[in-house]
Student: 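One structure coming up, written as structure tokens, with questions to follow.
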Amino acid sequence: MLSSTRAVTASAVVLAALSLTACGGSSTGQAAADNPYKLQQPGVLRTGTLTDAPPNVYIKNGTFTGFDNDLLTAVAGKLGLKVEFVGTEFSSLLAQVKTGKFDVGSSSISITEARKKTVDFTNKYDFGFLGLDVPKGSSITSFDQLAGKRVAVVQGTVQDDYATRQNLNPVRVPDYNAALNQLRAGTADAWITPAEIGEKTAADSGGKVVSVAKQLDPGGMAYAVAPGNDKLRAALDKGIDEVVADGTWAKLQKQYYPGRAIPASFKPGTAGAAK
């Protein structure tokens with residue numbers, strides 16, 4: 001039988017342990033409440049994006065902007081979150097989202113079955129076309145003339161996927177500036193681009209590069225999140241629906257893609273989600 005002193009001591013130890021357990025549970029619960037989307041920093045959406053792909057994603061006057069990034073900023077605002085953009089290369093973006101370096105990937109990311117093995121996607125927020133840029137004076141005017149040509153693509157993009165499926169043996173480069181330099185240097189005969197980026201690049205080239213063709217990319221574009229972060233994905237889906245409903249999506253479409261026709265089959269957000 002324990003002495004009264006030993007009994008009191010033992011009771012104190014038990015009570016202290018219970019107190020620590022309760023505190024730990026409270027702390028854990030509070031942390032989850034403060035950071036429901038499992039962000040690296042509560043309240044901040046750390047986003048990997050590109051710096052050189054206007055009008056979709058780029059830096060202007062030291063600020064990350066473009067259709068994708070401005071739309072994400074509006075979506076985050078609906079969720080009470082701020083966005084911190086960080087530049088990276090597209091070839092590593094999805095892996096960086098998967099491993100948690102970024103909470104979100106924003107870069108006109110086309111949804112493919114292969115990419116679904118690396119990240120989860122929000123509902124679609126945009127559509128896009130594959131574009132084809134060539135040097136001035138080139139005889140190439142369509143995608144079906146690329147066999148046997150040196151064709152530049154940015155590594156890991158849907159354009160890379162397309163060139164590979166077509167057995168074009170593409171010249172893979174890390175970013176859009178490198179692809180453009182291939183055309184300027186004459187080390188590539190053509191560059192398969194996101195059409196809007198290719199058209200703007202050609203317009204800004206002083207006539208040295210020409211945009212000659214485009215075709216619809218059937219995948220659609222979405223933001224990427226880490227696999228299994230369903231709360232963040234669902235919240236972003238809700239935010240996309242809200243910026244569609246309040247007119248922000250349409251406003252940004254007109255701002256960044258003036259004159260671009262929206263395919264009748266495309267619906268952004270939940271309205272266009274697969275059933």
Student: With sequence neighbours excluded, give me every ring pair (Phe, Tyr, Trp, His ring centres under 6.0 Å) pair touching residues 96-118.
Tutor: none
Student: Which value, rounded to the nearest 0.5 Å, describes the distance between Tyr125 atom OH and Tyr223 atom OH?
Tutor: 4.5 Å
Student: Answer yes if Leu81 and Val243 sit in the same cluster of Ile, Leu, Val, Met, Phe, Trp and Tyr residues linked by side chain heavy atoms under 4.5 Å apart, and no otherwise.
Tutor: yes
Student: Could you give the distance from NZ (Lys136) to OG (Ser205), rounded to the nearest 0.5 Å?
Tutor: 9.5 Å
Student: So, for Ala76 and Leu45, which heavy atoms are closest and what is the spacing to 0.1 Å?
Tutor: CB-CD2, 4.3 Å
Student: Please give me the minimum heavy-atom distance between Val225 and Val104, naming the atom from each residue.
Tutor: CG1-CG2, 4.3 Å
Student: Mind checking whether Val244 and Lys267 have side chains closer than 4.5 Å, heavy atoms only?
Tutor: no
Student: Test of understanding: clusters of I, L, V, M, F, W, Y form through side-chain heavy atoms closer than 4.5 Å, transitively. Do Phe266 and Tyr256 belong to the same one?
Tutor: yes
Student: Which residues pass the side-chain hydrogen bond (donor to acceptor under 3.5 Å, both in side chains) test with Thr201, sequence neighbours left out?
Tutor: none
Student: For Val153 and Leu168: C-alpha separation, side-chain torsions, deciding distance, then whether side chain to side chain contact (heavy atoms under 4.5 Å, CB included) applies.
Tutor: CA-CA 11 Å; Val153 295; Leu168 297 178; over 6 Å; no
Student: Do the side chains of Val158 and Val171 join up, straight or via other hydrophobic residues, at under 4.5 Å, putting them in one cluster?
Tutor: no
Student: Could you go step by step and tell me if Ile140 and Lys149 meet the side chain to side chain contact (heavy atoms under 4.5 Å, CB included) rule?
Tutor: CA-CA 10 Å; Ile140 297 172; Lys149 304 296 185 181; 4.1 Å; yes
Student: Does anything in residues 134-163 pair up under ring pair (Phe, Tyr, Trp, His ring centres under 6.0 Å), and if so which pairs, sequence neighbours excluded?
Tutor: Phe143-Tyr162
Student: Report yes if the side chains of Phe67 and Trp249 come closer than 4.5 Å at any heavy-atom pair, otherwise no.
Tutor: yes
Student: Judged by atom type as modelled, is there a donor-acceptor pair below 3.5 Å linking the side chain of Asp126 to the main-chain atoms of Met221?
Tutor: no
Student: Can Thr248 and Asp246 be counted as having a side-chain donor-acceptor contact under 3.5 angstrom?
Tutor: yes
Student: Going hydrophobic residue to hydrophobic residue with side-chain gaps under 4.5 angstrom, can you get from Val86 over to Val119?
Tutor: yes
Student: Nearest 0.5 Å, please: how far is CG in Asp241 from CG in Asn123?
Tutor: 6.5 Å
Student: Find out if a path of hydrophobic residues (ILVMFWY) with successive side-chain heavy-atom gaps under 4.5 Å connects Leu180 to Ile192.
Tutor: no
Student: Report yes if some heavy atom in the side chain of Gln145 is under 4.5 Å from a heavy atom in the side chain of Ser139; otherwise report no.
Tutor: no
Student: Side-chain donor-acceptor pairs under 3.5 Å in residues 48-57, sequence neighbours left out?
Tutor:
residue : atom : partner : partner atom : Å
Thr49   : OG1  : Asn69   : OD1          : 3.4
Thr49   : OG1  : Asn69   : ND2          : 3.3
Thr49   : OG1  : Ser106  : O            : 2.8
Asp52   : OD2  : Tyr176  : N            : 3.4
Asp52   : OD2  : Asn177  : N            : 3.4
Asn56   : OD1  : Tyr257  : OH           : 3.4
Asn56   : ND2  : Ser108  : OG           : 2.6

Student: Within a strict 4.5 Å, meaning less than it, do heavy atoms of the Phe129 and Leu216 side chains meet?
Tutor: yes
Student: Once salt bridge (Lys or Arg N to Asp or Glu O under 4.0 Å) is applied, do any residues pair with Lys214, and if so which ones, sequence neighbours excluded?
Tutor: Glu199
Student: If you take all heavy atoms of Lys124 and Ile111, which pair is closest and at what distance?
Tutor: CG-CD1, 3.7 Å
Student: Between Pro135 and Asp189, what is the shortest heavy-atom contact and its length?
Tutor: CD-O, 3.3 Å
Student: Run the side-chain contact (heavy atoms from CB on, under 4.5 Å) test against Ala226 and tell me which residues pass, sequence neighbours left out.
Tutor: none
Student: Can you tell me how far apart NZ (Lys117) and OG1 (Thr112) are? Round to the nearest 0.5 Å.
Tutor: 9.5 Å
Student: Side chain of Asp237, backbone of Thr270: donor and acceptor closer than 3.5 Å?
Tutor: no
Student: Looking only at non-hydrogen atoms, find the nearest pair between Phe85 and Leu72 and report the distance.
Tutor: CE2-CD2, 4.2 Å
Student: Kindly give the heavy-atom pair with the smallest separation between Ala235 and Tyr37, and that separation in Å.
Tutor: CB-CE2, 3.6 Å
Student: Roughly how far, to the nearest 0.5 Å, is the OG1 atom of Thr122 from the CD1 atom of Ile240?
Tutor: 4.0 Å
Student: For residues Phe121 and Ile109, determine if any side-chain heavy atom of one lies less than 4.5 Å from a side-chain heavy atom of the other.
Tutor: yes
Student: State whether the side chain of Gln40 and the backbone N or O of Lys101 hold a donor-acceptor pair below 3.5 Å, judged by distance alone.
Tutor: yes
Student: Do Tyr58 and Thr65 come within less than 4.5 Å of each other through their side chains, counting heavy atoms only?
Tutor: yes
Student: I want to check something: taking the side chain as every heavy atom from C-beta on, are Val75 and Lys78 in contact at a cut-off of under 4.5 Å?
Tutor: no
Student: Is a salt bridge present between Lys238 and Glu242, judged by a nitrogen-to-oxygen distance below 4.0 Å?
Tutor: yes
Student: Under 4.5 Å between any side-chain heavy atoms of Thr187 and Asn181, yes or no?
Tutor: no
Student: For a side chain to side chain contact (heavy atoms under 4.5 Å, CB included) check, start with the C-alpha distance between Leu39 and Leu232, then their side-chain angles and the critical distance, and finish with the verdict.
Tutor: CA-CA 9 Å; Leu39 305 178; Leu232 177 58; 4.2 Å; yes
Student: Roughly how far apart are Thr193 OG1 and Leu130 CG, rounded to 0.5 Å?
Tutor: 8.0 Å
Student: I'd like to know if the side chain of Asp103 and the backbone of Arg46 have a donor-acceptor N/O pair within less than 3.5 Å.
Tutor: yes
